[in-house]
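As C-alpha cells, the structure follows; a few thoughts come after it.
Atoms within a ligand are numbered from 1 in the order they appear, just like the ligands themselves. The figures that follow rest on heavy atoms only: side chains count, while hydrogens, waters and symmetry mates do not.
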Amino acid sequence: MKKYILKDYEEMSSKAADIVTSQIKNNPNSVLGLATGSTPEGMYKHLVQRHKDGEISFKDIVTFNLDEYYGLSSDHPQSYRYFMEDHLLYHVDIDPDNVHIPDGLTKDIPEMCKNYDQLIEEAGQIDLQILGIGINGHIGFNEPGEKFVKGTHLVDLTDDTLDANSRFFKSDEQVPARAITMGVGSILNAKSIILLASGKNKADAIKMAFEGPITPQVPASILQLHPDVTLIVDEEAGSKIKGEKNE
Ligand code: GLP
C-alpha cells in the first residue's frame, strides 16, 4: 500500500486530483468509481478547474458511483446524484450516458442491483476507484456487520451513519435509513483504489482499517488484501497510523 500523510485537507485534495488526472491522461477511456461526501469535494473542485484549464477531458470517461440513498429522487438536494451533478458532472464534458449512479427510487431492488453489477462488468471493471471512509470504517455504504457482501445491495444504515448523515438534513426524521451500495466485491475488483480521509474524527477508522485485523466489522479493512491501494490522509486523519509525514 502506498501512503501519503499530508499537511491538510487542501494537500490531500490536490494529491488525489493529481492521481485522477494522471489516470485520465494515461487512459482517456478510463472507468472511474466515484464517491460522495465532504471528503472528495476539494478533489472534485480541482478536477473541474483542470477541465476548465483544458488539461483534462471527461468526454470518453465512464463513471460508476458507489452508492445512493434509498427513497430519494435524483433531484433531491441530498441525493448523491444531485451531489455529483453539482460538484462534477454539470461542470465537465462527460457524456450523460456514461454516468452510472444506483437508482434510489427503483421499484425492483434485486434487478437494479444485478444490472448495476453487470454494467460494471461489461465496462471491464473500474480502473480507479475513489473512496472516502465512514467513522465506523464503512466504504460506500458497506456497514460493519457479520460478513462482507460482494455485489450491489440494499443496506440498513447503522446509528453511527444516521448520526453522521443527519448534518445534511433539516430533521432526523428526514435522514434516509436505507441505501443502495456497491458491494466490497466490486470495490476490490477495481484495478487501483485511492482512499481519502481528513480530520481527527477519521483517525480511529484509518487505524482500524489499515493496521487492524481484516474483519467485516471494519469493512475498509478488506482493502488490505488489494494489491494497489493508495491511502491519502491529512495529518489529523493519519495521526494514529505509522508513517512519516510526506511533503
Ligand atoms: C457516506 C458515503 C461514503 C463516505 C462517507 C464519509 O457514508 N456513503 O461513501 O465515504 O459518507 O463521508 P464524509 O466524507 O462526508 O465524511
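Side-chain contact check for E143 and T161: at least one donor-acceptor pair (N or O, by modelled atom type) lies under 3.5 Å. No hydrogens or angles considered: a donor-acceptor pair under 3.5 Å links the side chains of R167 and S38.
Residues K242 and E211 approach most closely at N-OE2, 2.8 Å, considering heavy atoms. For the pair Q129 and A190, the tightest heavy-atom approach, listed with the atom from each and the gap, is CB-CB, 3.7 Å.
The shortest contact between atom 11 (O) of ligand 1 and any protein heavy atom is with H138 NE2, 4.0 Å. The protein heavy-atom contact nearest to atom 4 (C) of ligand 1 is T36 O, 4.0 Å. Nearest protein neighbour of atom 12 (O) of ligand 1, counting heavy atoms only, is G37 CA, 4.0 Å. Scanning the protein for heavy atoms near atom 16 (O) of ligand 1, the closest one is K202 NZ, 2.6 Å.
By the neighbour-count criterion of 12 heavy atoms within 6.0 Å, atom NZ of K191 is densely surrounded, having more than that number from other residues, nucleotides or ligands. Within a 6.0 Å radius of NZ in K150, other residues, nucleotides and ligands contribute 12 heavy atoms or fewer.
Within the 4.0 Å heavy-atom criterion, the part of R167 lying near ligand 1 is the side chain and not the backbone.
At under 3.5 Å, a nitrogen or oxygen of I133, whether backbone or side chain, sits near a nitrogen or oxygen of ligand 1. An N or O contact shorter than 3.5 Å links S38 to ligand 1 by distance. Between P40 and ligand 1, no N or O atom pair is found at a separation short of 3.5 Å. In terms of polar-atom proximity, N165 is not counted as a contact of ligand 1, lacking any N or O under 3.5 Å from an N or O of the ligand.
Close approach of ligand 1 to Y80 (heavy-atom distance below 4.0 Å) involves ligand atoms 1 (C), 2 (C), 8 (N). The contact set between ligand 1 and T39, taken as ligand atoms under 4.0 Å from a residue heavy atom, comprises 13 (P), 14 (O), 16 (O). Taking every heavy atom of G132 and a limit of under 4.0 angstrom, the matching atoms of ligand 1 come to 10 (O).
Interatomic distance, CD1 of I193 versus CG of L188, reported as 6.0 Å (0.5 Å rounding). Atom CD of E146 and atom CD of Q217 lie 5.5 Å apart (nearest 0.5 Å).
Heavy atoms of G140 come nearer than 4.0 angstrom to ligand 1 in at least one pair.
By the 30° and 60° cut-offs, the orientation of the rings of Y69 relative to Y80 is tilted.
By heavy-atom distance, the residue among T161, L131, D67, T181 lying nearest atom 8 (N) of ligand 1 is D67.
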